[in-house]
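Naming: A, B, ... by sequence-line order, numbering from 1 per chain.
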Protein chains: 2
Amino acid sequence: MPTPSPASYSKQFPIRHVAQVTGVLPVTLRAWERRYGLIKPERTPKGHRLYSEEDIQTVHQIVRLIDQGISVGRVRQALSSTDKQADTTSDWPAFRKQLMRLLSELNAFQALAVLRRAGELYPLHALLGELIRPVLLQLQDSEASGRWACRSILMQAVHLYMDQRSAGLEVNTRARPILMSRCLASGDDLQARVFESIAREAGVDVRWTGPAPSPLAFVELLQVSGAVGGLLWEDAEPVEHWEAQLRQLKGASPVPFAVAGDFSLRHATHLQSMLVPMLAQDALVAIQTLRTWQ
Amino acid sequence: MPTPSPASYSKQFPIRHVAQVTGVLPVTLRAWERRYGLIKPERTPKGHRLYSEEDIQTVHQIVRLIDQGISVGRVRQALSSTDKQADTTSDWPAFRKQLMRLLSELNAFQALAVLRRAGELYPLHALLGELIRPVLLQLQDSEASGRWACRSILMQAVHLYMDQRSAGLEVNTRARPILMSRCLASGDDLQARVFESIAREAGVDVRWTGPAPSPLAFVELLQVSGAVGGLLWEDAEPVEHWEAQLRQLKGASPVPFAVAGDFSLRHATHLQSMLVPMLAQDALVAIQTLRTWQ
DNA sequence: TAGCGTCTGTATAGTAATTGTACAACTATT
DNA sequence: AATAGTTGTACAATTACTATACAGACGCTA
């Protein structure tokens, strides 16, 4: 049964807001309510709908189930089965705290459970922005002796979660995927892999190739594999000569390519002056660009 | 026998989704049902088919049998005896060849399927010795331009497979696990992670912490986390001063520890003369040693 | 080797269910 | 007054259903 946090009583939202947040049009929200009775928001005295935060989470769940291939009419049953597990906390600060604790205990499996719980309620890009990235930052600031291990455990858990999510996905093995890699030696693949998952769930066939030994090696791979595009995701600080390498890549790439990740955000102006294409910070917007390549 | 998650019983999918996932056209699915009665999905009140996740698994099996040359009409018997009967492609050379091909196509998901098929027939340590390690070696020798990507895809697939295997496992969150790490900067975690899985399946609570910044950091973590033992798994070539580092570790470790991996095999005599404990090459024997720590 | 039946995937046709959205008419909110 | 929300009906695009038909592949016989 729902155990609303105090905040969820105080905050109620009109249908417009729910539509904005979830991407489901108001018409459709009303239709779902009328036809399937999935969400029954409160009403103002005059009959206007007032959605609670829980209602919004439910809508997110519904969207996710539909993405998994379940038809709206059948969502009800699927929804009731996930309800049982929703007995624990459900807001981001609580998730973050819980996750941090489990990481410090080096408990990858329980950490995975937290990710899964959060992932049932919110979309993947929210998970990245509200849970994974903040906890990563918190770990960077932390002075605890084992924070390298915590970070590693988090990465394990995230990979586990991504893999399990994409396992239930409709796999249309397109012949010509978009390849994604990174060239800087330091840094990790975590955010890149999450982006890969988001893209796959959005129907864009992005494949992570692992770290490339050099930009040139990546270009070679683009040619050999017949990909429709290349994406360099860099989070680390750049090394020397990175401009020259990128210029080389820009000249040699047989297909459209772009740069993304924290690195590209930090050096946005510089990259732009080099006329190197960059992806937007927002995952969903970035995916729109990738879609044009396919 | 791994059972599906509780939620899966209530998830029901329309025929379109099944077609997408399995690659079998809806027409054909209906024909199979009508002619051979292989799968009998539920129906909505209005007659639309509702496939369970088990049904989808069955379709996958059928596709596999057809790929192996069994005609649809004969699939029925083959399905019932699928557990006892060995696969037609059940020899290691065939697995290796198939895996290499899929890796060169950067197809992590199909590569995962090969691992799963091999894993149904043979124990995990055989997979490591007969499939994963040989293919890794083959990739090292290969001169193909994209072999770094193949290697990375293989690692993805192996991790995916390990994760799925351990997902079906009983999670006994022992309070005092054995921590496993590596300190050499180069090298990868693949074999270490496979060993971790083998150990977990054997009931020993080994946890991979990710690469440690230094042996000392690992010792610190051993103390803080209250582990019962430490294991350094190194596959890469050693760097300078590694003897000094190991000696330091040996002096500072509050709990039993040992070294394992290709590195330890190459430098066995040297390590023995330093009185640094080493794990046997054979995974099952090594696990016997770990068991005494707990 | 030609001929014949069978197996099996797909094509077609006509009907029905599902589901997102559009519109009209009215009411609330700002 | 302008914007946004409500209900109910309606429409169009998918998607799915049944049933029949057909073509290529395969094996068997003469």
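In this structure a side-chain-to-backbone donor-acceptor pair under 3.5 Å is missing from His17(B) to Ile70(A). The main-chain N or O of Val194(B) is never found under 3.5 Å from a side-chain atom of Ser197(B) such that the two would form a donor-acceptor pair.
One can place CG of Leu50(B) at 12 Å from C1' of dT18(C), the figure rounded to the nearest angstrom. The interatomic distance linking Leu29(A) (CG) with dG20(C) (P) rounds to 10 Å, in whole Å. Rounded to whole angstrom, the span from the NE2 atom of His48(A) across to the P atom of dT27(C) amounts to 12 Å. Following rounding to the nearest Å, Arg43(A) (CZ) and dT29(C) (P) show an atom-to-atom distance of 13 Å. Spacing between atom CZ of Arg49(A) and atom C1' of dT27(C) amounts to 14 Å, rounded to whole angstrom units. Arg16(B) has its CZ atom 11 Å from the C1' atom of dT19(C), to the nearest Å. Going from atom CZ of Arg34(B) over to atom C1' of dG9(C) covers 11 Å, rounded to whole Å. A straight line from CD of Gln12(A) to P of dT29(C) spans 14 Å, rounded to a whole angstrom.
Here the options are Val135(A), Leu127(A), Leu121(A), the test is side chain to side chain contact (heavy atoms under 4.5 Å, CB included), and the partner is Phe95(A); only Leu121(A) passes. Each of Glu130(A), Gln57(A), Gln61(A) was checked for a side chain to side chain donor-acceptor pair (under 3.5 Å) with Tyr122(A), and the lone residue meeting it is Gln57(A).
On a pure distance criterion of 3.5 Å, no polar donor-acceptor pair joins the side chain of Arg30(B) and the base of dG9(C).
At least one side-chain heavy atom of Arg30(A) sits less than 4.5 Å from a side-chain heavy atom of Ile15(A).
Both Lys46(A) and Arg35(A) lie close to DNA chain D; mapped to their nearest nucleotides by heavy-atom distance, the more 5′-ward contact belongs to Lys46(A). Along DNA chain C, the nucleotide nearest Gly73(B) and the nucleotide nearest Thr44(A) are compared for position; the residue whose nucleotide lies closer to the 5' end is Gly73(B). Residue whose closest nucleotide on DNA chain C sits further toward the 5' end, between Ser71(B) and Pro45(A): Ser71(B).
Nucleotides of DNA chain D that come within less than 4.0 Å of any heavy atom of chain B span, from the 5' end to the 3' end, dT15(D) to dT18(D).
Phosphate contact (OP1/OP2 of dT10(C), side-chain N/O of Thr28(B), threshold under 4.0 Å): present. Residue Trp32(B) places at least one side-chain N or O under 4.0 Å from the OP1 or OP2 atom of dG9(C). Considering only side-chain N and O atoms, Tyr36(B) lies under 4.0 angstrom from the phosphate OP1 or OP2 of dT8(C).
Atom OG in Ser52(B) sits 10.5 Å away from atom CD1 in Ile39(B) (nearest 0.5 Å).
In this structure, a donor-acceptor pair under 3.5 Å is absent between the side chains of Arg96(A) and Gln138(A).
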